[in-house]
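These notes concern the structure reproduced below.
All values derive from a computational prediction rather than experimental measurement.
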Amino acid sequence: VQLQASGGGLVQAGGSLRLSCIDLSGSRRSINYYVMGWFRQAPGKEREFVAVISGMGSDIEYADFVKGRFTVSRDNGMNAVYLQMNSLKPEDTAAYYCARRTVAASTRPRNSGYDFWGQGTQVTVSS
């Protein structure tokens with residue numbers, strides 16, 4: 001499993017970005033139906049939970065600071081997970097990572113229990 005987040009970039013405050021998480025190994029099943037989480041880490045700060053989606057997409061949770069602005073989704077046919085980020089703020093600037101929970105099917109606990117982490121993608125929001 002080689003998870004890779006992509007889609008980051010430089011955007012002005014109020015703008016939007018859509019992040020994708022795929023498996024570079026070419027597997028068609030490494031993301032499908034697993035609980036997938038999105039996290040971020042800003043320079044000098046600890047990594048923090050952003051969103052999580054269950055294997056079928058029926059259970060979704062967000063960190064309070066992104067509710068109403070970010071939307072997590074998945075396409076199990078494409079073996080991918082997405083994070084649509086709207087109304088971006090300078091404080092959203094961070095490296096964003098996707099992660100997979102292999103063992104459990106629940107979205108709880110939402111900020112731990114992930115065993116595969118992808119390479120991050122940098123999101124920079126200018127004011």
Side-chain angles (χ1 to χ4, degrees):
V1 178
Q2 299 177 29
L3 300 178
Q4 173 71 63
S6 63
L10 174 63
V11 64
Q12 289 187 331
S16 299
L17 286 172
R18 187 191 192 213
L19 306 186
S20 300
C21 176
I22 63 170
D23 182 1
L24 294 178
S25 73
S27 168
R28 295 187 176 185
R29 304 176 65 87
S30 55
I31 292 176
N32 289 352
Y33 308 114
Y34 289 105
V35 172
M36 297 294 296
W38 283 98
F39 293 79
R40 70 186 188 185
Q41 187 167 20
K45 295 186 178 181
E46 293 188 354
R47 184 177 63 201
E48 60 183 356
F49 166 79
V50 174
V52 61
I53 184 169
S54 62
M56 295 298 291
S58 56
D59 294 325
I60 292 174
E61 294 191 42
Y62 297 98
D64 287 344
F65 54 78
V66 302
K67 283 183 179 178
R69 300 189 298 125
F70 291 11
T71 303
V72 61
S73 62
R74 66 188 308 148
D75 185 339
N76 285 336
M78 296 295 291
N79 199 38
V81 175
Y82 308 99
L83 185 68
Q84 177 67 43
M85 306 187 297
N86 299 328
S87 302
L88 283 162
K89 304 175 181 180
E91 51 263 44
D92 293 320
T93 295
Y96 283 72
Y97 300 86
C98 57
R100 189 184 92 174
R101 174 175 296 158
T102 301
V103 177
S106 173
T107 55
R108 293 293 183 94
R110 62 185 195 178
N111 60 349
S112 64
Y114 298 87
D115 46 2
F116 284 99
W117 291 83
Q119 296 293 316
T121 185
Q122 179 67 35
V123 172
T124 302
V125 184
S126 63
S127 57

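- Arg100 is linked by a side chain to side chain donor-acceptor pair (under 3.5 Å) to Thr102, counting only residues two or more places apart in sequence or in another chain.
- For residues 56-127, the pairs satisfying disulfide bond (SG atoms under 2.5 Å apart) are Cys21-Cys98, with sequence neighbours left out.
- Pairs passing the ring-ring contact (aromatic ring centres under 6.0 Å, His included) check and including a residue from residues 51-104, sequence neighbours excluded, do not occur.
- Cluster partners of Leu24, using a side-chain heavy-atom cutoff of under 4.5 Å among ILVMFWY residues and allowing indirect links, are Ile22.
- Met56 is not connected to Val35 by any chain of hydrophobic side-chain contacts under 4.5 Å among Ile, Leu, Val, Met, Phe, Trp and Tyr, and they are in different clusters.
- Applying the side chain to side chain donor-acceptor pair (under 3.5 Å) test to pairs two or more places apart or on separate chains, those with a residue in residues 42-53 are Arg40-Glu48.
- Evaluation of the disulfide bond (SG atoms under 2.5 Å apart) test over residues 25-68, restricted to residues two or more places apart or in two chains, returns none.
- The number of heavy-atom neighbours closer than 6.0 Å to CD of Gln2, taken from other residues, nucleotides and ligands shown, is above 12.
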Atom pairs and distances, donor-acceptor, side-chain atoms in residues 8-19, under 3.5 Å, two or more places apart:
unit_1	atom_1	unit_2	atom_2	d
Ser16	OG	Asn86	OD1	2.9

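- Distance check: Arg69 CZ to Lys89 NZ gives 4.5 Å after rounding to the nearest 0.5 Å.
- For Asn79, the side chain to side chain donor-acceptor pair (under 3.5 Å) criterion is met by Ser30, not counting sequence neighbours.
- Nearest heavy atoms, Ala94 versus Ala42: CB-N, 3.8 Å.
- Of the possible donor and acceptor atoms, none in the side chain of Asp92 sits under 3.5 Å from a partner among the backbone N and O of Thr124.
- Applying the side chain to side chain contact (heavy atoms under 4.5 Å, CB included) test to Ser54 and every residue at least two apart in sequence or in another chain returns Ser58, Asp59, Thr107.
- The disulfide bond (SG atoms under 2.5 Å apart) pairs that include a residue from residues 32-91 number zero, where partners must be two or more places apart or lie in different chains.
- Side-chain contact between Val81 and Ile31: present, with at least one pair of heavy atoms (C-beta onward) separated by less than 4.5 Å.
- How far CZ of Arg101 is from OG of Ser112: 6.5 Å, rounded to the nearest 0.5 Å.
- Atom CE of Met36 and atom CD1 of Ile53 lie 10.0 Å apart (nearest 0.5 Å).
- Taken from CG in Leu83 to CE in Met85, the straight-line distance is 5.5 Å, to the nearest 0.5 Å.
- A search for salt bridge (charged side-chain N to carboxylate O under 4.0 Å, His left out) contacts involving Arg110 returns Glu61, not counting sequence neighbours.
- Sequence neighbours left out, the pairs with a member in residues 9-49 that pass ring-ring contact (aromatic ring centres under 6.0 Å, His included) are Phe39-Phe49, Phe39-Tyr114, Phe39-Trp117.
- Residues Val50 and Val72 share a hydrophobic cluster, clusters being chains of Ile/Leu/Val/Met/Phe/Trp/Tyr side chains in contact below 4.5 Å.
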